[in-house]
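Reviewing the structure listed below.
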Amino acid sequence: MTYTVPPRPDQVGSKGLKGGALGLVSSIVVGMASTAPAYSLAASLGFIVASGGALLAGVKAPGIVLLAFIPIYLIAVAYQELNKAEPDCGTTFTWASRAFGPITGWLGGWGIIAADVIVMANLAQVAGSYSFVFLGDLGLTGVADLANDQFWSTVAGVIWIAVMTYICYRGIELSARIQYWLLAIEVIVLVMFAVYALVRVYTGSAETYSITPSLDWFNPFTLDFGTVIAPAVLTAVFIYWGWDTAVSVNEETQDPGTTPGRAAVISTFLLLVTYALVTVAAIAFAGVGTDGIGLGNDANSADVFTAIGPALFGNSALGNIAMLLLAASILTSASASTQTTILPTARTALSMAVYRALPERFARIHPRFLTPTWSTVAMGAVSTGFYVLFTLISPRLLGALIGSVGLMIAFYYGLTGYACVWFYRKTLWSSFRNVIMRGVFPLLGGLMLTAAFGYGLQQYALPDWLQDDNGNNVTIFGIGAVAVVGIGAMLLGAVLMLVWWMVHPSFFRGTTLPRRTDGVVPKQTA
């Protein structure tokens with residue numbers, strides 16, 4: 001077999017995207033905004049603390065948040081190292097194809113697309129509902145009641161998807177500028193929430209069941225791994241998920257070989273600080289009991305901030321302003337993440353189409369805006385259809401989608417870790433730094449996420465893992481719905497892959513994206 005020297009990391013194969021549009025700060029903003037800190041905490045913290053009204057992590061939730069950060073950081077290192085070798089917007093799809101071949105690569109790309117489509121339903125639900133909550137806090141009390149109306153909140157959610165799809169269609173720079181403002185609102189309000197909650201706890205003016213924070217809250221290892229840590233970590237992984245968008249836009253950044261990876265790693269650390277502070281404050285003020293605003297109360301699990309806010313800020317004029325800001329932060333968070341969820345999915349589909357792993361129409365670029373056209377619009381359309389479908393099936397199931405997304409995140413993040421080790425296997429021992437950053441760290445990250453995937457899936461498959469408001473088990477074919485949606489989405493990907501393989505086999509023959517390792521690259525054959 002003939003080999004040639006691979007291209008330098010700064011030589012990006014052009015797909016028509018607008019190069020050099022984002023700098024380091026813009027990339028960090030996109031990475032952080034993609035995680036939707038306010039929305040992620042509002043929708044996930046209750047499920048980390050408890051499940052079905054029974055304590056899961058309880059006061060150890062900060063420890064779970066810290067524990068979940070470890071594999072996230074290790075995988076961020078893998079992204080950084082792989083991006084140095086090949087800054088391609090397909091990320092996991094491209095790198096797994098290079099390391100393991102087309103089948104594994106295609107499934108890795110599908111993992112990204114499926115996770116993004118599923119989470120869009122949850123994001124749209126929150127954005128739609130909070131649109132009316134926000135208007136109600138502005139004084140339109142009649143409109144606020146529509147937040148609990150399934151039809152109108154769904155309509156609002158669909159409108160949000162359409163608006164954010166259009167923004168992504170118009171250009172990466174416009175998307176980044178909007179993210180600056182949306183992220184600023186989120187972070188300021190979250191810090192305000194956390195500081196005020198802790199002040200009330202330490203001054204003795206909090207609830208009767210409030211708890212003084214303890215360092216022991218950051219030690220999750222007293223919990224059972226299989227029944228508590230694994231499913232809780234999968235949920236906690238969800239709140240970090242999104243930083244990889246900073247790498248998905250690598251072909252549109254300045255210095256694509258280094259800036260995206262650096263932004264991804266920095267984003268994870270900033271998220272850790274934010275999440276640790278807010279999680280401690282929320283648990284300290286609300287407690288983990290099942291009464292009132294306690295985070296062990298199943299009625300509070302879907303949105304902990306709505307539950308805590310009135311008790312924390314009160315009914316004064318300043319309290320009403322604070323509640324307005326809190327509602328605004330969650331609304332902007334969900335809407336921002338709706339936008340930044342479209343970005344990586346469209347670019348993954350674009351890359352797959354360029355390498356003929358998807359129909360060529362998904363590779364089309366707008367001649368003026370330099371954004372993926374078919375890929376962006378298709379993402380918005382499919383997400384809308386999925387959102388409406390699951391709303392009709394069961395609104396309760398929308399909240400449970402977080403667990404299903406966690407399974408797919410663990411799958412494709414873990415796959416990226418393994419791909420890094422295998423891709424660099426021939427040059428791994430060239431330096432101590434490479435052994436750690438390209439071997440040990442990515443491998444540990446992959447193994448941790450694989451373990452969480454296996455044990456978490458086992459728990460999600462239990463018939464009584466998820467229950468509706470009437471106490472009935474939410475199952476599909478007698479199996480826990482969370483597990484069925486997660487595995488079903490992956491099996492659907494396998495079926496679609498086989499269909500495309502029969503229709504257009506060139507990618508699966510390795511002719512468009514051949515396997516290679518660091519240092520050498522095989523020439524493409526016709």
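As a basis for the values below, the full set of heavy atoms in this structure was taken, side chains included, without hydrogen atoms, waters or symmetry mates. The residues of the chain are indexed from 1 along the displayed sequence.
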task = Looking only at non-hydrogen atoms, find the nearest pair between Ala282 and Phe193 and report the distance.
result = CB-CE2, 4.3 Å
ask   = So, Tyr73 versus Phe269, ring centres under 6.0 angstrom or not?
value = yes
request  = Might you work through the side chain to side chain contact (heavy atoms under 4.5 Å, CB included) test for Tyr412 and Thr348, ending with a clear yes or no?
outcome  = CA-CA 13 Å; Tyr412 84 80; Thr348 299; over 6 Å; no
request  = Please answer whether the main-chain N or O of Phe423 pairs with a side-chain N or O of Arg98 as donor and acceptor at a distance below 3.5 Å.
outcome  = no
message = Applying the side-chain contact (heavy atoms from CB on, under 4.5 Å) criterion to Ser329, which one of Val187, Val189, Ile188 satisfies it?
response = Val189
inquiry  = With rounding to the nearest 0.5 angstrom, report the OH to SG distance, Tyr79 to Cys420.
reply    = 11.5 Å
message = Nearest 0.5 Å, please: how far is CD1 in Ile330 from OG in Ser40?
response = 11.0 Å
ask   = Between Tyr209 and Ile293, is any pair of side-chain heavy atoms under 4.5 Å apart?
value = yes
task = With side chain to side chain contact (heavy atoms under 4.5 Å, CB included) as the test, would you mind laying out the steps for Val237 and Phe453 before giving the verdict?
result = CA-CA 11 Å; Val237 162; Phe453 179 96; over 6 Å; no
ask   = Considering only heavy atoms from C-beta outward, does the side chain of Leu198 approach that of Leu277 to under 4.5 Å?
value = yes
task = Check whether any side-chain heavy atom of Leu107 sits under 4.5 Å from a side-chain heavy atom of Phe100, and report yes or no.
result = no
Do any side-chain atoms of residues 55-70 form donor-acceptor pairs under 3.5 angstrom with protein atoms, and if so which ones, sequence neighbours left out?
residue : atom : partner : partner atom : Å
Lys60   : NZ   : Asp216  : O            : 3.1
Lys60   : NZ   : Asp216  : OD1          : 3.2
Lys60   : NZ   : Asp216  : OD2          : 2.8
Lys60   : NZ   : Asn219  : O            : 3.0
Lys60   : NZ   : Thr222  : OG1          : 3.4

inquiry  = Looking at every heavy atom in both Ile48 and Ala232, which two are closest together, and how far apart are they?
reply    = CG1-O, 4.2 Å
key: Minimum heavy-atom distance between Asn297 and Gly292, given as atom pair plus value   = ND2-O, 3.2 Å
query = Sub-3.5 Å donor-acceptor pair from the side chain of Thr268 to the main-chain atoms of Val265, do we have one?
reply = yes
query = So do the side chains of Thr391 and Gln125 get within less than 4.5 Å of each other, counting heavy atoms only?
reply = no
CD1-CD1 distance between Ile161 and Ile342, expressed to the nearest 0.5 angstrom = 7.5 Å
key: Charged tip of Arg425 within 45° of Trp422 ring normal and under 6.0 Å   = yes
ask   = With Val484, which residues qualify under side chain to side chain contact (heavy atoms under 4.5 Å, CB included), at least two apart?
value = Ile476, Ile479
query = Do the two ring centres, one from Tyr413 and one from Trp243, sit under 6.0 Å apart?
reply = yes
inquiry  = Is any side-chain heavy atom of Asp88 closer than 4.5 Å to one of Phe93?
reply    = no
Report, one line per pair, each donor and acceptor closer than 3.5 Å where one atom sits in a side chain of residues 437-448; sequence neighbours left out.
residue : atom : partner : partner atom : Å
Arg438  : NE   : Glu81   : OE1          : 2.7
Arg438  : NH2  : Glu81   : OE1          : 3.4

request  = State whether the side chain of Thr279 and the backbone N or O of Ala276 hold a donor-acceptor pair below 3.5 Å, judged by distance alone.
outcome  = no
query = Is there a side chain to side chain contact (heavy atoms under 4.5 Å, CB included) between Thr91 and Ile112 once you walk through the steps?
reply = CA-CA 10 Å; Thr91 61; Ile112 297 174; 3.7 Å; yes
message = Would you compute the distance between atom OH of Tyr418 and atom OG1 of Thr104 and round it to the nearest 0.5 angstrom?
response = 13.0 Å
ask   = Minimum heavy-atom separation for Phe305 to Leu326, with atom names?
value = O-CD2, 3.7 Å
inquiry  = Any heavy-atom pair between the side chains of Leu492 and Trp110 that's under 4.5 Å?
reply    = yes
ask   = What is the minimum heavy-atom distance between Ala230 and Gly456, and which atoms define it?
value = CB-N, 3.9 Å
message = Ignoring hydrogens and geometry beyond distance, is a side-chain donor-acceptor pair present between Thr416 and Thr92 at under 3.5 Å?
response = yes
note = Between the CZ atom in Arg347 and the CE atom in Met379, the distance rounded to the nearest 0.5 Å is 12.0 Å
ask   = Sequence neighbours excluded, which residues qualify as ring-ring contact (aromatic ring centres under 6.0 Å, His included) partners of Tyr240?
value = Tyr275
ask   = Roughly how far, to the nearest 0.5 Å, is CD1 of Ile283 from CD1 of Ile308?
value = 9.0 Å
query = Mind checking what makes ring-ring contact (aromatic ring centres under 6.0 Å, His included) contact with Trp152, not counting sequence neighbours?
reply = none
task = Report yes if some heavy atom in the side chain of Cys89 is under 4.5 Å from a heavy atom in the side chain of Ser351; otherwise report no.
result = yes
query = Ala246 and Pro260: which non-hydrogen atoms are nearest, and at how many Å?
reply = O-CB, 3.4 Å
query = With Phe225, which residues qualify under ring-ring contact (aromatic ring centres under 6.0 Å, His included), at least two apart?
reply = Tyr455
ask   = Would a 4.5 Å heavy-atom cut-off, applied to side chains only, mark Ser153 and Leu146 as touching?
value = no
task = Please lay out, stage by stage, how Leu407 and Leu234 fare under the test side chain to side chain contact (heavy atoms under 4.5 Å, CB included).
result = CA-CA 7 Å; Leu407 291 172; Leu234 277 180; 3.8 Å; yes
task = Could you walk me through whether Phe313 and Tyr196 pass ring-ring contact (aromatic ring centres under 6.0 Å, His included), step by step?
result = CA-CA 9 Å; Phe313 297 118; Tyr196 189 56; 5.7 Å; yes
query = Would you find a donor on one side and an acceptor on the other, under 3.5 Å apart, between the side chain of Trp500 and the backbone of Ala357?
reply = yes
